[in-house]
Amino acid sequence: MCQKEDAPSELVRFVRSPEGEVFPDLKASSFGRGAWAHPVPGCLKKLPGALARSFRAEVVTSPKDIVERLALAADARVRQRSEERRVGT
């Protein structure tokens, strides 16, 4: 993580499970402590180590898995937003 300050809209919140897995929290609403990072390759590559320091706990998710989870979460969020627009909510 680059530690540069930015608007929340430019960052992604990540949360850690009790098992040490890291997941993106695109709605920034999951319970518990989260850490914010830019969704760019340079920041994502450093993310496991930075999150381990931030959470003061082991992180077992690889950078590759973090990127894959981020892509899946983003796809799901886009589908959800499209559906909300379609039904007018």
Side-chain angles (χ1 to χ4, degrees):
M1 295 183 345
C2 64
Q3 299 182 337
K4 292 180 185 173
E5 291 187 28
D6 215 332
S9 61
E10 299 297 318
L11 303 168
V12 173
R13 182 174 187 256
F14 290 89
V15 294
R16 181 187 172 275
S17 74
E19 296 79 26
E21 294 285 328
V22 172
F23 297 93
D25 176 19
L26 297 185
K27 290 184 178 182
S29 61
S30 291
F31 183 75
R33 183 174 181 176
W36 296 81
H38 291 102
V40 297
C43 289
L44 294 175
K45 184 177 180 182
K46 300 175 189 175
L47 200 56
L51 290 178
R53 288 188 298 279
S54 178
F55 294 136
R56 296 184 190 112
E58 181 183 18
V59 168
V60 298
T61 309
S62 71
K64 179 183 177 214
D65 288 341
I66 290 172
V67 170
E68 288 174 1
R69 290 175 184 179
L70 181 57
L72 289 171
D75 287 346
R77 184 76 174 126
V78 167
R79 283 192 304 275
Q80 178 186 13
R81 295 292 303 226
S82 296
E83 181 64 20
E84 288 171 357
R85 285 188 186 118
R86 189 181 67 77
V87 295
T89 58

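Remark: Arg13 pairs with Asp25 by the salt bridge (Lys or Arg N to Asp or Glu O under 4.0 Å) rule, at least two apart or across chains. In this view, Arg56 satisfies the salt bridge (Lys or Arg N to Asp or Glu O under 4.0 Å) rule with no residue, not counting sequence neighbours. When the side-chain hydrogen bond (donor to acceptor under 3.5 Å, both in side chains) test is applied to Glu19, the partners found at least two apart in sequence or on another chain are Ser17. Shown here are the salt bridge (Lys or Arg N to Asp or Glu O under 4.0 Å) partners of Glu58, two or more places apart in sequence or in another chain: there are none. Taking Glu68 as the reference, nothing meets the side-chain hydrogen bond (donor to acceptor under 3.5 Å, both in side chains) condition, with sequence neighbours excluded.
Looking at Thr61, its side chain does come within 3.5 Å of a backbone N or O of Val22 through a donor-acceptor pair.
Contact between Phe55 and Phe14 at its shortest, heavy atoms only, is CZ-O, 3.6 Å. Nearest heavy atoms, Val15 versus Ser30: CG1-CB, 4.1 Å.
Phe23 and Ile66 are members of different hydrophobic clusters when ILVMFWY side chains are connected at heavy-atom separations under 4.5 Å. Cluster membership for Val12 and Val67, using ILVMFWY side-chain heavy atoms within less than 4.5 angstrom, is shared.
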Problem set entry | Worked check of side-chain contact (heavy atoms from CB on, under 4.5 Å) between Ser54 and Arg33 | CA-CA 9 Å; Ser54 178; Arg33 183 174 181 176; 3.8 Å; yes
For this session: Determine, stepwise, if the pair Leu11 / His38 fulfils side-chain contact (heavy atoms from CB on, under 4.5 Å).
Result: CA-CA 5 Å; Leu11 303 168; His38 291 102; 3.4 Å; yes
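Remark: Leu51 CG to Trp36 CH2 distance equals 13.0 Å, nearest 0.5 Å. With rounding to the nearest 0.5 angstrom, the NZ atom of Lys4 is 13.0 Å from the CD atom of Glu10.
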Which atom pairs, donor and acceptor, lie under 3.5 Å between side-chain atoms of residues 70-77 and protein residues at least two apart or in another chain?
{"residue": "Arg77", "atom": "NH1", "partner": "Gln80", "partner atom": "OE1", "Å": "3.1"}

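With contacts defined as side-chain heavy-atom distances shorter than 4.5 Å, the pair Pro48/Pro63 qualifies.
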